[in-house]
Amino acid sequence: MTPPNTLRLTVIQEAPRPRDLERNISRVGEGIAAARGTDLIVFPELFLSGYQTTALNEIALSLDDPRITGLADCCRSTGTALLAGFVERGPGGYFDAYLAIDRDGTIKNPIRKTHLFGTEREAFLSGDALEPVALCATKIGVLNCFELEFPEVSRTLVLRGATLLVAGSANMHPYERDHLIASSSRALENRVPLAYANRVGSESGHSFCGSSRIVDRDGSVLAALDSVETGGVTADVVVDLRHEGVIDMLGQRRPELYES
């Protein structure tokens, strides 16, 4: 049992099998079962399908799909919440989205990627909302890969109540350094912890660079994997901690000076 205002986070760094929904969903279920004692487990971007941008009708899922409700059963039986990337079959097209399931098995609205990278714009619709999701009785701001590189996204989520940031990614070489810097920066500038789950392996012409980590509110790294390891790391983070004085970053903002 973790102390009050503390969450135990596990981030998974692996390579999904391209277009193999059954195997990847099974792997997520295995991860949930093995993570007993963890409050929230996080898998990388598009983990359920692999990093695919073609023939999306074959790999897209709706929330009422029995395979997703099966994952909800896993969350309920273990008391572990889940964030995992998938292709959402949405109105009018497909979204690069995050599946969010609370530890009681409640399936939340998908979190749709708002800032698409490169050729993703040709395959997916863009999400049009930035709102925290409530998991583990905590408001969590979910960042999907490229969104980590936009300070405005994280700051907006924190201003709207997020006390934890979670970034799932399919970040590839040569951009490893970008996300190492961004993950610590987003935590430090908002004074909230951040969990970063990136994948490894090669797919669709890309080589993915791992380096998943859990970062504390001061930007320090609590746990990390290198650029090729597979597996997971776990750390406890404090959420809902109020800041005062010189590190009250939100309270000292002067938005009247900033561009909109």
Side-chain angles (χ1 to χ4, degrees), residues 11-32 41-75 82-101 107-129 133 142-150 153 166-176 179 197-210 212 228 230:
V11 298
I12 301 297
Q13 176 169 294
E14 293 180 9
R17 292 185 186 175
R19 308 187 73 82
D20 191 343
L21 289 172
E22 303 302 330
R23 177 65 191 97
N24 297 332
I25 291 171
S26 176
R27 176 64 195 98
V28 172
E30 293 166 3
I32 296 170
I41 187 170
V42 185
F43 284 81
E45 176 185 17
L46 294 176
F47 191 85
L48 299 192
S49 62
Y51 190 79
Q52 297 289 314
T53 57
T54 61
L56 297 181
N57 61 304
E58 299 173 0
I59 54 175
L61 295 170
S62 302
L63 290 189
D64 59 357
D65 189 289
R67 291 165 290 190
I68 287 182
T69 56
L71 290 178
D73 292 339
C74 291
C75 291
L82 170 68
L83 285 167
F86 78 120
V87 178
E88 179 202 356
R89 189 184 305 277
Y94 305 99
F95 293 91
D96 179 342
Y98 252 82
L99 175 65
I101 303 176
I107 301 172
K108 305 285 185 165
N109 290 331
I111 302 152
R112 296 167 176 170
K113 189 172 184 178
T114 59
H115 293 62
L116 298 170
F117 179 76
T119 58
E120 292 171 1
R121 301 184 190 95
E122 302 169 12
F124 299 106
L125 301 174
S126 296
D128 58 5
V133 60
V142 178
L143 311 168
N144 195 333
C145 198
F146 196 35
E147 293 176 328
L148 180 62
E149 300 178 42
F150 292 84
V153 175
V166 172
S169 186
N171 189 36
M172 65 281 287
H173 294 290
Y175 306 114
E176 179 183 5
H179 279 199
N198 191 29
R199 60 161 293 178
V200 291
S202 298
E203 186 180 346
S204 300
H206 301 292
S207 177
F208 300 95
C209 56
S212 300
V228 295
T230 60

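Checked against the 6.0 Å centroid criterion, the rings of Tyr51 and Phe208 qualify as a close aromatic pair. In this structure, the ring of His115 has its center no less than 6.0 angstrom from the ring center of Phe146.
Distance check, rounded to the nearest 0.5 Å: CG of Leu21 to CD1 of Ile59 gives 6.5 Å. The structure places CG of Leu48 at 7.0 Å from CG of Leu71, a figure rounded to the nearest 0.5 Å. Between the CG atom in Asn24 and the CD atom in Glu14 there is a gap of 9.5 Å [rounded to 0.5 Å]. To the nearest 0.5 angstrom, Ser169 atom OG is 10.0 Å from Arg199 atom CZ. How far OG1 of Thr53 is from OH of Tyr94: 13.5 Å, rounded to the nearest 0.5 Å. In this structure, Leu83 CG and Phe43 CZ are separated by 11.0 Å, a value rounded to the nearest 0.5 Å.
With sequence neighbours excluded, the residues that form a side chain to side chain contact (heavy atoms under 4.5 Å, CB included) with Arg23 are Arg17, Asp20, Ser26, Arg27, Glu30. With sequence neighbours left out, Glu149 forms a salt bridge (Lys or Arg N to Asp or Glu O under 4.0 Å) with no residue at all. Under the rule for a side chain to side chain contact (heavy atoms under 4.5 Å, CB included), the partners of His173 that lie at least two apart in sequence or sit in another chain are Glu176, Ser207, Cys209. Applying the side chain to side chain contact (heavy atoms under 4.5 Å, CB included) rule to Pro91 yields the partners Phe95, Arg112; only residues at least two apart in sequence or on another chain are considered. Listed by chain and number, the residues in a side chain to side chain contact (heavy atoms under 4.5 Å, CB included) with Ser126 are Leu116 (sequence neighbours excluded).
For residues 45-58, the pairs satisfying salt bridge (Lys or Arg N to Asp or Glu O under 4.0 Å) are Arg19-Glu58, Glu45-Lys113, with sequence neighbours left out.
Inter-residue side-chain proximity for Val87 and Leu46 is flagged as met; some heavy-atom pair is nearer than 4.5 Å. Side-chain contact between Leu61 and Arg67 is present, with heavy atoms from C-beta onward closer than 4.5 Å. Under the 4.5 Å side-chain criterion, counting only non-hydrogen atoms from C-beta, Ile68 is in contact with Phe86. A 4.5 Å side-chain heavy-atom check between Ser204 and Gln52 finds at least one atom pair inside the cut-off.
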Passes side chain to side chain contact (heavy atoms under 4.5 Å, CB included), Gln13 versus Thr230? Steps please. CA-CA 5 Å; Gln13 176 169 294; Thr230 60; 6.0 Å; no

Test side chain to side chain contact (heavy atoms under 4.5 Å, CB included) applied to Ile41 and Ile12, step by step: CA-CA 7 Å; Ile41 187 170; Ile12 301 297; 3.9 Å; yes

Should Ile32 and Leu82 be marked as a side chain to side chain contact (heavy atoms under 4.5 Å, CB included) after you check the CA-CA gap, both sets of side-chain angles, and the distance that decides it? CA-CA 8 Å; Ile32 296 170; Leu82 170 68; 4.0 Å; yes

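Across every non-hydrogen atom of Ala97 and Pro110, the tightest pair is CB-CB, 4.2 Å.
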